[in-house]
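Only one structure is covered here, and it is reproduced in the block below.
Side-chain atoms are counted along with the backbone in the values below, which use heavy atoms only and exclude waters and symmetry mates. Fair warning: this is a prediction, and the values are worked out from it, not measured in the lab.
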Amino acid sequence: MFIADNFVLQNKTAESLYHDYAEDKAIIDFHNHLSPKEIAEDIKFSNLSEIWLGGDHYKWRAMRINGINEKYCTGSASDYEKFQHWAATVPYTVNNPLYHWTHLELARYFDINDLLSPKTAEHIYKSTEELLQSDDFSTRQLLKKMKVEMVGTTDDPADSLEHHKALKEEGYDIKVLPTFRADQVLNTENPSDLSQYLLRLGSISNININKLDDLLEALEQRHAYFHSLGCRLSDSGQARFYFAEYTHQQVDEILSKLIKGEQISSQEQEKYKTCLMAELAALNHKRGWTQQFHVGAIRNNSTRQFKALGADTGWDSIGDAQSSVKMSLFLNLLDSRNQLAKTILYNLNPSDNEMMLTMCGNFCDGSTPGKVQYGAAWWFLDQQSGMEKHLRDLSALGLLSRFVGMVTDSRSFLSFPRHEYFRRIVCNYIGSQVEKGLIPNDETILKQVVEGISYNNAKSYFNF
């Protein structure tokens, strides 16, 4: 059986660490892209294609690489036809994380241990179709099945949060909390889109946004509303950190140009983005939130496909190494104002690992363990070799035992076995270090480290 009890675990110490300290821990998934509407309405999915392939650009990308026509990825083909083409692709993903995730999900949700292939596709599709239509496989039951304790969705300041509000009022026992992600406020490259967005933001906050003070007031109001519904995290998906000296008046004038739909210079963009990111960070500090920065992606590389299919459909890649200088200057700006909240930094380019880890250490001031954290291996690095490098670098340049652990960063309700995958990789790494004599085989130490990374550190770090 491929997904055996000791999958990934390559030594006896790793086996003991996983089964004794990690396997049964609940899941705090503090960053994902799940739909709060689908949780609030406790929907059921019609079939495996709908829950597995709908919105999953990881799978679409693999299918395209395998020569599958777009019709069977995001196009007009039937759900079963799309599933058949995914099943035909899976054998070619061998040793890719998609192969591991696919079979972990079949095993953990459906007790299916067959390898997915064209030969097994029909049986797997039909047997899971029956299960998915049962009450035990609604969105809420899927979360419960994986012992999910907290779900951190990703939400725009202009979102109504009506579904979060409904879940809170209901007293739903799994925390489904919004995350404040204000990327659209920073869209200076497309002034007409930004101007339209500001109308939407102004409408929901009942503020006519004509100047910088109006924009900051609207963001403050929405930030407070998110807080009232349990939000304690923000996120930023900008390609990089920005820094330029600015004045309030300068940024006010820049915003006026943008509202009129005028293009602005690169230096004006740098000033505007530095100001808005700093103001958002000040709100995070004011309310005791944790802020996340996901940097390093080049998005929508194929303009042809972006125009046809839109964002987040699988046309993104790893960008160049980050500017350590601008990252340092921006974080220092917040720190010098005493407005640096707890912060998690995620990089997409593996060459940034060591730089970002040492950057984290620059701004840990002893006020809380791991105040500035190095986030989990993200996106293209969210696989065994990427995680292992992440763990090695974190061990060498930070404190592995303070790491807040894994997030799915996923749109799929079947993605939670990725936490198991991560925990197995962590235990395998630590177990190998123990067996090499580099970590003492001491139960007190090992229990603290493994339970911390698996669950306890996130539980204590976030103020949910």
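- Between Arg287 and Glu220 there is a salt bridge, with a side-chain nitrogen of the basic residue lying less than 4.0 Å from a carboxylate oxygen of the acidic one.
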**Request:** For side chain to side chain contact (heavy atoms under 4.5 Å, CB included), just list the numbers for Trp315 and His57, CA-CA rounded to whole Å, side-chain angles, deciding distance to a tenth of an Å, and then say yes or no.
**Result:** CA-CA 8 Å; Trp315 314 101; His57 56 81; over 6 Å; no
Atom pairs and distances, side-chain donor-acceptor, residues 176-187, under 3.5 Å, sequence neighbours left out:
| unit_1 | atom_1 | unit_2 | atom_2 | d |
| --- | --- | --- | --- | --- |
| Thr179 | OG1 | Thr153 | O | 2.8 |
| Arg181 | NE | Asp183 | OD2 | 2.8 |
| Arg181 | NH1 | Asp235 | OD2 | 2.8 |
| Arg181 | NH2 | Asp183 | OD2 | 3.3 |
| Asp183 | OD1 | Gly237 | N | 3.1 |
| Asp183 | OD2 | Gly237 | N | 3.1 |
| Gln184 | NE2 | Asp156 | OD2 | 3.0 |
| Asn187 | OD1 | Asn190 | ND2 | 3.3 |

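- Electrostatic pairing of Arg240 and Glu270 counts as a salt bridge here, judged by a charged N lying under 4.0 Å from a carboxylate O.
- Salt-bridge formation is detected for the pair Arg200/Asp159: a Lys NZ or Arg NE/NH1/NH2 atom is positioned less than 4.0 Å from an Asp or Glu carboxylate oxygen.
- Within a 6.0 Å radius of NZ in Lys389, other residues, nucleotides and ligands contribute more than 12 heavy atoms.
- Applying the 6.0 Å contact sphere to CD of Gln448 captures no more than 12 heavy atoms from other residues, nucleotides or ligands.
- Of the possible polar contacts, one joining the Ser454 side chain to the Val450 backbone as a donor-acceptor pair under 3.5 Å is found.
- Of the possible donor and acceptor atoms, none in the side chain of Thr93 sits under 3.5 Å from a partner among the backbone N and O of Asn96.
- Looking at Leu276 and Leu212, their side chains come closer than 4.5 Å, going by heavy atoms from C-beta outward.
- With hydrogens and angles ignored, the 3.5 Å screen pairs a side-chain donor or acceptor of Asp316 with a backbone N or O of Asn300.
- A centroid separation of 6.0 Å or more is found between the aromatic rings of His164 and Phe226.
- Residues that satisfy the side-chain hydrogen bond (donor to acceptor under 3.5 Å, both in side chains) test with Glu105, not counting sequence neighbours, are Trp52.
- Looking at heavy atoms from C-beta onward, Leu215 lies out of side-chain contact with Glu279 at the 4.5 angstrom threshold.
- Listed by first and then second residue, the ring pair (Phe, Tyr, Trp, His ring centres under 6.0 Å) pairs that reach into residues 246-273 come to none, sequence neighbours excluded.
- Taking a cutoff of 4.0 Å between a charged side-chain nitrogen and a carboxylate oxygen, Lys257 and Glu253 do not qualify as a salt bridge.
- In this view, His163 satisfies the ring-ring contact (aromatic ring centres under 6.0 Å, His included) rule with no residue, not counting sequence neighbours.
- Atoms CG and CD, on Leu201 and Gln221 in that order, are 9.0 Å from each other to the nearest 0.5 Å.
- For Phe380, the ring-ring contact (aromatic ring centres under 6.0 Å, His included) criterion is met by no residue, not counting sequence neighbours.
- Side-chain contact annotation: Asn353 with Asp393, donor-acceptor N/O pair under 3.5 Å present.
- Remark: Trp378 engages His294 in a ring-ring contact (aromatic ring centres under 6.0 Å, His included) (not counting sequence neighbours).
- Around CD of Glu189, the count of heavy atoms belonging to other residues, nucleotides or ligands within 6.0 Å exceeds 12.
- Of the N and O atoms on the side chains of Asn428 and Tyr18, not one donor lies less than 3.5 Å from an acceptor on the other residue.
- The backbone N or O of Gln291 lies less than 3.5 Å from no partner atom in the side chain of Asn284, so there is not a single donor-acceptor pair.
- Judged by distance alone, with hydrogens and angles left aside, the side-chain atoms of Thr343 form a donor-acceptor pair with the main-chain N or O of Ala341 at under 3.5 Å.
- Residues meeting the side chain to side chain contact (heavy atoms under 4.5 Å, CB included) test with Glu443, sequence neighbours left out: Tyr21.
- Of the inter-residue distances, the one linking Leu34 atom CG with Leu142 atom CG reads 10.5 Å to the nearest 0.5 angstrom.
- How far CE of Met356 is from OH of Tyr346: 11.5 Å, rounded to the nearest 0.5 Å.
- The pair Lys25-Glu149 does not count as a salt bridge, with every side-chain nitrogen at least 4.0 angstrom from each carboxylate oxygen.
- Side chain of Tyr58 to backbone of Pro97: no donor-acceptor contact under 3.5 angstrom is found.
- With sequence neighbours left out, the side chain to side chain contact (heavy atoms under 4.5 Å, CB included) criterion links Glu217 to Ile207.
- Minimum heavy-atom separation, Phe330 to Thr274: CE1-O, 3.9 Å.
- Taking CG of Asn456 as the start and OH of Tyr461 as the end, the distance is 16.0 Å to the nearest 0.5 Å.
- When atom types are taken as modelled, the side chain of Lys273 and the backbone of Ala244 share no donor-acceptor pair closer than 3.5 angstrom.
- In this view, Phe30 and Phe462 satisfy the ring-ring contact (aromatic ring centres under 6.0 Å, His included) rule, not counting sequence neighbours.
- Atoms CG and OG1, from Asn32 and Thr154 in turn, are 6.0 Å apart once rounded to the nearest 0.5 Å.
- The pair Glu70-Arg64 counts as a salt bridge, with a side-chain nitrogen and a carboxylate oxygen less than 4.0 angstrom apart.
- At least one donor-acceptor pair under 3.5 Å links the side chain of His390 to the backbone N or O of Gly375.
- For the pair Phe403/Val426, no side-chain contact is recorded, criterion being any heavy-atom separation below 4.5 Å from C-beta on.
- Ile254 places a side-chain heavy atom less than 4.5 Å from the side chain of Lys271.
- Note: Phe293 and Phe241 have tilted aromatic rings, judged against thresholds of 30 and 60 degrees for the angle between ring planes.
- Side-chain contact between Phe7 and His100 is present, with heavy atoms from C-beta onward closer than 4.5 Å.
- Contact annotation: the side chain of Pro440 approaches that of Ile445 to within less than 4.5 Å [non-hydrogen atoms, C-beta and beyond].
- When side chains are defined from C-beta on, Glu388 counts as touching Ile425, because their heavy atoms get closer than 4.5 Å.
- Partners of Pro369 according to the side chain to side chain contact (heavy atoms under 4.5 Å, CB included) rule, which considers only residues two or more places apart in sequence or in another chain, are Arg402.
- In this structure, the side chains of Asn69 and His85 stay at 4.5 Å or more apart for every pair of heavy atoms.
- Between the Thr102 side chain and the Tyr99 main chain, no donor and acceptor come within less than 3.5 Å of each other.
- Considering only residues two or more places apart in sequence or on other chains, Asp382 meets the side-chain hydrogen bond (donor to acceptor under 3.5 Å, both in side chains) condition with none of them.
- A donor-acceptor contact shorter than 3.5 Å is absent between the side chain of Ser195 and the backbone of Ser192.
- By the neighbour-count criterion of 12 heavy atoms within 6.0 Å, atom CG of Asp213 is densely surrounded, having more than that number from other residues, nucleotides or ligands.
- Between Trp289 and His227, the angle of the ring planes stays under 30°, which puts this pair in the parallel group of the 30/60° scheme.
- Here the CZ-CE distance, from Arg418 to Met146, works out to 13.5 Å after rounding to the nearest 0.5 Å.
- For Ser367, the side chain to side chain contact (heavy atoms under 4.5 Å, CB included) partners at least two apart in sequence or on another chain are Asp365, Lys371.
- Checking Gln292 against Thr290 by side-chain atom types alone, no donor-acceptor pair falls below 3.5 Å.
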